[in-house]
Amino acid sequence: MPQVPGTAELTYSSYLELDRLLELQRPLSSPAHPDELLFIVTHQTMELWFKVMVHEVSRVMACLDGRAWTRAVARLRRVNTILVAQIAQMETLGHLDPAAFLGFRDSLGTASGFQSVQFRVLEVQAGFRQPEYLAELRAHNGGQLPEPIARALAEASLAELADELPGTTDAKTWAEVYADPEQHGDLFLLGEELLDHDRIWMRWRHEHLRLTERMLGPLARGTGGASSSYLERRVSMRIFPFLWDVRRQLISNDRESM
(Lines give C-alpha, C1' and ligand atoms only; values in the text may rest on other atoms or scores of the structure.)
Protein backbone atom coordinates (compact mmCIF):
# COMPACT_ATOMS: atom_id res chain seq x y z
CA MET A 1 0.00 0.00 0.00
CA PRO A 2 1.33 3.50 -0.76
CA GLN A 3 2.04 5.77 2.16
CA VAL A 4 -0.53 8.39 3.06
CA PRO A 5 0.59 11.82 1.76
CA GLY A 6 1.84 14.07 4.52
CA THR A 7 3.14 11.29 6.76
CA ALA A 8 6.79 11.04 7.78
CA GLU A 9 7.15 7.78 5.87
CA LEU A 10 6.31 9.34 2.50
CA THR A 11 9.26 9.28 0.08
CA TYR A 12 9.80 10.10 -3.57
CA SER A 13 9.52 6.42 -4.38
CA SER A 14 6.40 5.74 -2.34
CA TYR A 15 4.64 8.90 -3.56
CA LEU A 16 5.15 7.86 -7.19
CA GLU A 17 4.69 4.15 -6.39
CA LEU A 18 7.89 3.46 -8.28
CA ASP A 19 8.20 -0.14 -7.13
CA ARG A 20 4.89 -0.98 -8.80
CA LEU A 21 5.50 1.28 -11.78
CA LEU A 22 8.89 -0.20 -12.63
CA GLU A 23 7.53 -3.74 -12.45
CA LEU A 24 5.06 -3.09 -15.26
CA GLN A 25 7.57 -3.50 -18.10
CA ARG A 26 7.39 -7.19 -18.92
CA PRO A 27 8.83 -8.16 -22.31
CA LEU A 28 6.99 -11.12 -23.83
CA SER A 29 9.57 -12.19 -26.40
CA SER A 30 11.50 -15.33 -25.52
CA PRO A 31 14.34 -14.98 -25.05
CA ALA A 32 13.62 -11.34 -24.14
CA HIS A 33 14.69 -9.09 -27.00
CA PRO A 34 16.83 -6.21 -25.67
CA ASP A 35 14.87 -3.60 -27.68
CA GLU A 36 11.42 -4.63 -26.46
CA LEU A 37 11.88 -2.63 -23.25
CA LEU A 38 12.17 0.60 -25.27
CA PHE A 39 8.98 -0.27 -27.15
CA ILE A 40 7.02 -0.97 -23.96
CA VAL A 41 8.23 2.08 -22.02
CA THR A 42 7.57 4.44 -24.94
CA HIS A 43 3.97 3.27 -25.29
CA GLN A 44 3.30 3.17 -21.56
CA THR A 45 4.61 6.71 -21.22
CA MET A 46 2.44 7.88 -24.09
CA GLU A 47 -0.62 6.40 -22.37
CA LEU A 48 0.27 8.27 -19.17
CA TRP A 49 0.47 11.50 -21.14
CA PHE A 50 -2.83 10.67 -22.86
CA LYS A 51 -4.35 10.45 -19.39
CA VAL A 52 -3.07 13.93 -18.55
CA MET A 53 -4.29 15.30 -21.89
CA VAL A 54 -7.81 13.90 -21.45
CA HIS A 55 -7.89 15.57 -18.03
CA GLU A 56 -6.56 18.89 -19.32
CA VAL A 57 -8.79 19.04 -22.39
CA SER A 58 -11.78 18.56 -20.07
CA ARG A 59 -10.53 21.55 -18.07
CA VAL A 60 -10.15 23.59 -21.25
CA MET A 61 -13.74 22.83 -22.22
CA ALA A 62 -14.94 23.82 -18.75
CA CYS A 63 -13.14 27.15 -19.22
CA LEU A 64 -14.83 27.67 -22.58
CA ASP A 65 -18.19 26.94 -20.98
CA GLY A 66 -17.43 29.54 -18.34
CA ARG A 67 -16.05 32.08 -20.84
CA ALA A 68 -12.71 32.03 -19.01
CA TRP A 69 -10.70 32.67 -22.18
CA THR A 70 -7.34 33.40 -20.51
CA ARG A 71 -7.43 30.20 -18.46
CA ALA A 72 -8.48 28.26 -21.53
CA VAL A 73 -5.46 29.58 -23.44
CA ALA A 74 -3.09 28.67 -20.61
CA ARG A 75 -4.45 25.15 -20.23
CA LEU A 76 -4.61 24.49 -23.95
CA ARG A 77 -1.01 25.67 -24.23
CA ARG A 78 -0.12 23.01 -21.65
CA VAL A 79 -1.87 20.37 -23.76
CA ASN A 80 -0.04 21.55 -26.87
CA THR A 81 3.30 21.40 -25.08
CA ILE A 82 2.59 17.82 -24.02
CA LEU A 83 1.64 16.94 -27.58
CA VAL A 84 4.91 18.34 -28.93
CA ALA A 85 6.76 16.27 -26.32
CA GLN A 86 4.85 13.21 -27.53
CA ILE A 87 6.13 13.77 -31.05
CA ALA A 88 9.70 13.89 -29.75
CA GLN A 89 9.01 10.76 -27.73
CA MET A 90 7.88 8.87 -30.82
CA GLU A 91 11.24 9.64 -32.36
CA THR A 92 12.88 7.29 -29.87
CA LEU A 93 11.21 4.42 -31.74
CA GLY A 94 12.71 5.75 -34.96
CA HIS A 95 16.00 4.37 -33.71
CA LEU A 96 14.51 0.87 -33.62
CA ASP A 97 15.64 -0.68 -36.89
CA PRO A 98 13.30 -3.04 -38.78
CA ALA A 99 15.25 -6.20 -37.92
CA ALA A 100 15.16 -5.33 -34.21
CA PHE A 101 11.39 -4.75 -34.29
CA LEU A 102 10.83 -8.01 -36.14
CA GLY A 103 12.82 -9.68 -33.36
CA PHE A 104 9.90 -9.27 -30.96
CA ARG A 105 6.94 -8.28 -33.15
CA ASP A 106 5.35 -11.73 -33.09
CA SER A 107 5.10 -11.57 -29.31
CA LEU A 108 2.71 -8.60 -29.65
CA GLY A 109 0.01 -10.77 -31.21
CA THR A 110 -2.86 -8.51 -32.31
CA ALA A 111 -2.09 -5.83 -29.69
CA SER A 112 -1.98 -2.46 -31.43
CA GLY A 113 -1.98 1.25 -30.69
CA PHE A 114 -5.18 1.27 -32.76
CA GLN A 115 -6.82 -0.17 -29.62
CA SER A 116 -5.84 2.74 -27.36
CA VAL A 117 -9.08 3.85 -25.70
CA GLN A 118 -7.52 7.03 -24.32
CA PHE A 119 -6.34 8.10 -27.77
CA ARG A 120 -9.88 7.60 -29.09
CA VAL A 121 -11.28 9.60 -26.18
CA LEU A 122 -8.99 12.47 -27.17
CA GLU A 123 -10.23 12.29 -30.76
CA VAL A 124 -13.89 12.23 -29.70
CA GLN A 125 -13.27 15.04 -27.20
CA ALA A 126 -11.72 17.06 -29.99
CA GLY A 127 -14.62 16.56 -32.38
CA PHE A 128 -14.01 13.47 -34.52
CA ARG A 129 -17.57 12.16 -34.45
CA GLN A 130 -18.36 11.34 -38.06
CA PRO A 131 -20.79 8.37 -38.37
CA GLU A 132 -18.27 6.27 -40.29
CA TYR A 133 -15.58 6.95 -37.67
CA LEU A 134 -17.88 5.93 -34.80
CA ALA A 135 -19.06 2.87 -36.74
CA GLU A 136 -15.44 1.83 -37.17
CA LEU A 137 -14.79 2.21 -33.43
CA ARG A 138 -17.85 0.12 -32.62
CA ALA A 139 -16.80 -2.57 -35.10
CA HIS A 140 -13.42 -2.87 -33.41
CA ASN A 141 -14.98 -3.04 -29.95
CA GLY A 142 -17.56 -5.77 -30.25
CA GLY A 143 -20.32 -3.58 -31.63
CA GLN A 144 -20.38 -0.92 -28.94
CA LEU A 145 -18.19 1.95 -27.79
CA PRO A 146 -16.02 1.51 -24.69
CA GLU A 147 -17.51 3.42 -21.76
CA PRO A 148 -14.86 6.22 -21.67
CA ILE A 149 -15.47 6.96 -25.36
CA ALA A 150 -19.27 6.87 -24.89
CA ARG A 151 -18.96 9.35 -21.99
CA ALA A 152 -16.89 11.73 -24.12
CA LEU A 153 -19.41 11.42 -26.95
CA ALA A 154 -22.28 12.37 -24.62
CA GLU A 155 -20.71 15.79 -24.04
CA ALA A 156 -20.10 18.69 -26.41
CA SER A 157 -16.79 18.45 -28.25
CA LEU A 158 -14.00 21.00 -28.16
CA ALA A 159 -14.75 21.82 -31.81
CA GLU A 160 -18.44 22.41 -31.10
CA LEU A 161 -17.71 24.69 -28.16
CA ALA A 162 -15.03 26.61 -30.07
CA ASP A 163 -17.22 27.10 -33.14
CA GLU A 164 -19.91 28.79 -31.04
CA LEU A 165 -17.65 31.04 -28.96
CA PRO A 166 -17.84 34.26 -31.03
CA GLY A 167 -21.63 34.08 -30.92
CA THR A 168 -21.46 34.60 -27.16
CA THR A 169 -19.68 37.93 -27.67
CA ASP A 170 -20.15 41.03 -29.80
CA ALA A 171 -17.82 39.51 -32.42
CA LYS A 172 -20.50 37.07 -33.66
CA THR A 173 -18.13 35.13 -35.97
CA TRP A 174 -14.50 34.01 -36.01
CA ALA A 175 -14.00 36.09 -39.16
CA GLU A 176 -14.87 39.20 -37.14
CA VAL A 177 -12.49 38.15 -34.37
CA TYR A 178 -9.63 37.79 -36.84
CA ALA A 179 -10.53 40.93 -38.73
CA ASP A 180 -9.89 42.97 -35.57
CA PRO A 181 -7.50 41.11 -33.23
CA GLU A 182 -6.97 44.15 -30.98
CA GLN A 183 -10.69 44.50 -30.32
CA HIS A 184 -11.14 40.80 -29.58
CA GLY A 185 -7.73 40.03 -28.07
CA ASP A 186 -8.62 37.14 -25.74
CA LEU A 187 -10.67 35.31 -28.36
CA PHE A 188 -8.01 35.92 -31.01
CA LEU A 189 -5.31 34.37 -28.80
CA LEU A 190 -7.61 31.45 -28.03
CA GLY A 191 -8.25 30.93 -31.74
CA GLU A 192 -4.52 30.84 -32.41
CA GLU A 193 -3.95 28.30 -29.64
CA LEU A 194 -6.78 26.14 -30.97
CA LEU A 195 -5.26 26.34 -34.44
CA ASP A 196 -1.90 25.29 -33.00
CA HIS A 197 -3.63 22.35 -31.32
CA ASP A 198 -4.97 21.27 -34.71
CA ARG A 199 -1.61 21.81 -36.43
CA ILE A 200 0.34 19.85 -33.80
CA TRP A 201 -2.09 16.93 -34.06
CA MET A 202 -1.49 16.87 -37.81
CA ARG A 203 2.24 16.77 -37.10
CA TRP A 204 1.64 13.93 -34.62
CA ARG A 205 -0.28 11.88 -37.20
CA HIS A 206 2.33 12.58 -39.88
CA GLU A 207 5.19 11.47 -37.61
CA HIS A 208 3.23 8.38 -36.59
CA LEU A 209 2.72 7.47 -40.25
CA ARG A 210 6.40 7.94 -41.14
CA LEU A 211 7.47 5.99 -38.06
CA THR A 212 5.22 3.10 -39.09
CA GLU A 213 6.62 3.17 -42.61
CA ARG A 214 10.17 3.32 -41.29
CA MET A 215 9.60 0.21 -39.18
CA LEU A 216 7.33 -1.80 -41.49
CA GLY A 217 7.51 -0.27 -44.95
CA PRO A 218 4.79 1.73 -46.73
CA LEU A 219 2.50 -1.18 -47.67
CA ALA A 220 2.70 -3.42 -44.61
CA ARG A 221 -0.06 -3.75 -42.00
CA GLY A 222 0.40 -3.19 -38.30
CA THR A 223 -0.25 -5.79 -35.61
CA GLY A 224 -3.85 -4.57 -35.37
CA GLY A 225 -4.39 -4.89 -39.11
CA ALA A 226 -4.35 -1.17 -39.97
CA SER A 227 -2.42 -0.25 -43.11
CA SER A 228 -0.26 2.79 -43.72
CA SER A 229 -2.87 3.95 -46.27
CA TYR A 230 -5.36 4.22 -43.38
CA LEU A 231 -2.87 6.40 -41.49
CA GLU A 232 -2.19 8.41 -44.65
CA ARG A 233 -5.88 9.29 -44.99
CA ARG A 234 -5.95 10.60 -41.43
CA VAL A 235 -2.91 12.88 -41.68
CA SER A 236 -4.80 15.89 -43.01
CA MET A 237 -7.86 15.56 -40.74
CA ARG A 238 -8.72 18.92 -39.15
CA ILE A 239 -10.39 19.54 -35.83
CA PHE A 240 -11.29 23.19 -36.42
CA PRO A 241 -11.89 23.65 -40.16
CA PHE A 242 -13.74 26.90 -39.43
CA LEU A 243 -10.55 28.46 -38.06
CA TRP A 244 -8.62 27.49 -41.19
CA ASP A 245 -11.45 28.80 -43.35
CA VAL A 246 -11.21 32.21 -41.67
CA ARG A 247 -7.96 32.78 -43.58
CA ARG A 248 -9.73 32.18 -46.89
CA GLN A 249 -12.57 34.51 -45.90
CA LEU A 250 -10.20 37.31 -44.93
CA ILE A 251 -8.25 37.02 -48.18
CA SER A 252 -11.47 36.99 -50.22
CA ASN A 253 -12.79 40.03 -48.38
CA ASP A 254 -9.50 41.85 -48.85
CA ARG A 255 -9.53 41.22 -52.60
CA GLU A 256 -13.12 42.39 -52.89
CA SER A 257 -12.29 45.64 -51.13
CA MET A 258 -9.42 46.44 -53.53
Taking the six-membered ring for Trp, are Trp49 and Phe119 ring centroids under 6.0 Å apart?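 When the ring centroids of Trp49 and Phe119 are compared, they turn out to be at least 6.0 Å apart.
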Can a side-chain donor-acceptor contact be found between Asp245 and Trp174 if the only test is distance below 3.5 angstrom? no
Do Tyr178 and Gln249 have side-chain N/O donor and acceptor atoms under 3.5 Å apart? no
Can you confirm if the NZ or CZ of Arg120 lies within 45° of the ring axis of Phe114 and under 6.0 Å from the centre of its six-membered ring? yes
Worked verdict on Glu193 versus Arg77 for salt bridge (charged side-chain N to carboxylate O under 4.0 Å, His left out): CA-CA 7 Å; Glu193 204 65 44; Arg77 189 167 293 157; 3.2 Å; yes
Short question: side chain of [X], backbone of [Y] - any donor-acceptor pair under 3.5 Å?
X	Y	answer
Glu47	Gln44	no
Glu36	Leu28	yes
His43	Phe39	yes
Thr169	Ala171	yes
Ser14	Thr11	yes
Arg214	Gly94	yes

Parallel, tilted or perpendicular: ring planes of His208 versus Trp204, cut at 30 and 60 degrees: tilted
Over 60° means perpendicular and under 30° means parallel, so tell me whether Phe101 and Phe104 are parallel, tilted or perpendicular.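 Ring orientation, 0 to 90° scale: perpendicular.
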Short N-O contact, [X] and [Y], less than 4.0 angstrom:
X	Y	value
Glu155	Arg129	no
Arg20	Glu23	no
Arg210	Glu207	no

So Gln125 and Ser58, side-chain hydrogen bond (donor to acceptor under 3.5 Å, both in side chains) or not? Walk me through it. CA-CA 8 Å; Gln125 272 187 323; Ser58 295; 3.0 Å; yes
